[in-house]
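Read the structure below first, then the notes.
In listed order, ligands and their atoms are each counted from 1.
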Amino acid sequence: MKIYELLIKNRKSNVLTSSQLRCLSKIPTINITSGCIHNCIYCYAKGYSQYPGDGKVILFDNTADKLKQELARKRKKPQAVYFCPSCDPFQPVSEILDQTYNAMESLLRADIGVQFVTKAIVPANFIKLFVRYSNLVCAQVGLTCVDDDIRKIFEPGTASVSDKLLTLQNLIEVGVATGARADPLIYGVMDSDKSLIALFSAIIETGVTEVSINYLFLRPIIKESIKKNISDKKLLDKLLKSYAKGDKIPIGVKNSQGVALPKEIREKAFERIKNMASGFGLSIRICGCKNSDITTESCNLTRPMKIALFDFTRPRSCIS
Ligand code: SF4
């Protein structure tokens, strides 16, 4: 059943843009759509001025063509491009996937890296493309728990847990630098020992060895969305109560800040999670942007590209 409205528009502004988010500041970014059919209730893009409203997605159908023109004009090409700061590049809609495919293919052909986070299935034609350019592709797949009932409450339109795990495995198998992204974890809902053991057991089976984590970061628009969308009052109260004494953290976008769980809670929880993960042979990366009061770690949302020294005929690869 279709639960979104797809609007097709022509993009007037540049395709490649810079982001003010610290973790995205190193490479240009592309948004294939405004709005996202995944409709995650914690989506920070809901607060952006260009957000078209829940259930609406605007696809810019000249993105791939415009990107080619922009690249041709550039004297210095970017090392890599990030897809997408405000939407998922693999939303399962053929028109969206076509634009994403054409844009990614143009970049890879030009020896420019492609980096992305997705909560969708990466379709087979992309996997086939990535086989040829695996050294230029870096991926993260969002997976916060292995319980589909909980997933559906927080991110109703995303791929099922089994499809996300299969996507992780497919990317690893073709040599793409791939990590799992457990962000946002919901305190008291997704982070019990039992839930994390189930999550880490499933992740390690895919061949992935790195998990980036962060707890939900509350901004006013996200709080509003959560209140509107969680009908289970007990769950809602539990979730919001844990932020009552939260810490305000700046996130590098103008004067923007959000509320994180209290510092002591995060420190204790991250230590427990790291210890637990290491028992599975997984390394944990904490998002330093949203936890700048306790760490400078990078969650590898984007990764620096490594250029082979002395041998400039060899292509770049992601440092993982
Ligand atoms: S997948 Fe990402 S962009 Fe899409 S709704 Fe979820 S959080 Fe927002």
**Message:** Checking Leu216 against Leu239 for the side chain to side chain contact (heavy atoms under 4.5 Å, CB included) test, could you report, in this order, the C-alpha distance in whole Å, the side-chain angles of both residues, the deciding distance, and whether it holds?
**Reply:** CA-CA 10 Å; Leu216 178 70; Leu239 194 161; 3.8 Å; yes
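For Phe217, there are no ring-ring contact (aromatic ring centres under 6.0 Å, His included) partners, not counting sequence neighbours.
A salt bridge links Asp193 to Arg272: one of the charged nitrogens lies within less than 4.0 Å of a carboxylate oxygen. The pair Lys152-Asp148 does not count as a salt bridge, with every side-chain nitrogen at least 4.0 angstrom from each carboxylate oxygen. Of the charged side-chain nitrogens involved, at least one lies within less than 4.0 Å of a carboxylate oxygen, so that Glu105 and Arg109 count as a salt-bridged pair.
Protein N/O/S atoms closer than 2.8 Å to atom 4 (Fe) of ligand 1: Cys36 SG.
A donor atom on one side chain and an acceptor atom on the other are found under 3.5 Å apart for Glu173 and Gln169.
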